[in-house]
Amino acid sequence: MYPLAGIDFEAPSHAVAQQLIGVTVLVDGVGGRIVETEAYDRDDPASHTFNGPTARNAPMFGPPGVAYVYRSYGMHWCLNFSCREVGHGAGVLIRALEPTEGIAHMRARRGTDDLRLLCSGPGRLAQALAIDGTLSGRPLAVAPFALLPRGAAAGELHVGPRIGISKAVEVPWRFGEKGSRFLSRAFPAVRRP
DNA sequence: TCGCCGATGTTCT
DNA sequence: GAACATCGGCGAT
């Protein structure tokens, strides 16, 4: 067990992704409550770890509870947390936060005053928290990162397919806090039988 | 409100 | 050389 902010980072990525909803993540004191995540795992064609270890994805093959940051479409950074045991190759993409701390910094970095546009999407939240590739491989337990346990109320979760991928599109490993205004996109309505 | 499209750079084949 | 875990602007509805 690798506990951090009350989360067992050695659990499977889909379990960690659900536990992370409601946890507060800060970088140099700026951030908010996680409201949306996606799980990725080895043996998952959509995962960066599917084809084995490389220089880029090394943090996901290392110890649990470490940041994996990659560049997306040449212009955005995306933040993940490694999980599972050393050598497994799994992680959770942090897709959206509810802004709570350092909102003035986030507004300046994002160039908007609209709270809903600060951290509602993986690229947006990375920009708001000033996350870049230099943070990849850094443990979440030490500065500049900080993780704060979620409050007592564990609200209901949305579950659905992951966003923006072309493989394993049907795997329901996207999770979101039901009722949150800060999701990157609405969850698809549940299909009627 | 929705959908298309271009920007832009790294990674891996 | 293709693919890409995205975003914002634009025009159509």
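Chain letters run A, B, ... following the sequence lines, proteins first and then strands; every chain starts at 1.
There is no side-chain donor-acceptor pair under 3.5 Å between A:His14 and A:Asp41. In this structure, a donor-acceptor pair under 3.5 Å is present between the side chains of A:Arg95 and A:Ser184.
Bracketed by its first and final contacts, the part of DNA chain C lying under 4.0 Å from non-hydrogen atoms of chain A reaches from C:dC4 to C:dG8 in 5' to 3' order.
In this structure, A:Arg33 pairs ionically with A:Glu177, as a charged nitrogen and a carboxylate oxygen lie closer than 4.0 Å. One finds no salt bridge joining A:Glu38 and A:Arg162 here, because no Lys/Arg side-chain nitrogen approaches an Asp/Glu carboxylate oxygen to under 4.0 Å. In summary, A:Arg174 and A:Glu36 engage in a salt bridge, as defined by a charged side-chain N under 4.0 Å from a carboxylate O.
Under the rule for a ring pair (Phe, Tyr, Trp, His ring centres under 6.0 Å), the partners of A:Tyr70 that lie at least two apart in sequence or sit in another chain are A:His48, A:Tyr68. A:Phe187 is linked by a ring pair (Phe, Tyr, Trp, His ring centres under 6.0 Å) to A:His158, counting only residues two or more places apart in sequence or in another chain.
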#### Entry: Base versus backbone protein contacts along nucleotides 8-13 of chain B [heavy-atom cut-off under 4.0 Å; B, S, -]
BBSSS-

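With A:Ile94 as the fixed residue, the side chain to side chain contact (heavy atoms under 4.5 Å, CB included) test singles out one of A:Ile131, A:Val35, A:Leu20, A:Val23: A:Leu20.
Using a 4.0 Å heavy-atom cutoff across all strands shown, A:Ile165 reaches sugar-phosphate atoms only and no base atom. In this structure, A:Arg110 reaches the sugar-phosphate backbone alone: every heavy-atom distance under 4.0 Å involves primed, P, OP1 or OP2 atoms, never a base.
Annotation: of the two residues near DNA chain C, A:Lys167 and A:Gly121, the 5′-most nearest-nucleotide partner is A:Lys167.
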### Summary
Its dot-bracket string being built from Watson-Crick and G-U pairs below 3.5 Å, with | for another strand and [ ] for crossing, DNA chain C has the pattern ||||.|||||||.

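Placement of A:Leu147 and A:Leu79 within a single hydrophobic cluster is found when ILVMFWY residues are connected by side-chain heavy-atom separations under 4.5 Å, directly or transitively.
Applying the side-chain hydrogen bond (donor to acceptor under 3.5 Å, both in side chains) rule to pairs touching residues 101-119 of chain A yields A:Arg110-A:Gln127, sequence neighbours excluded.
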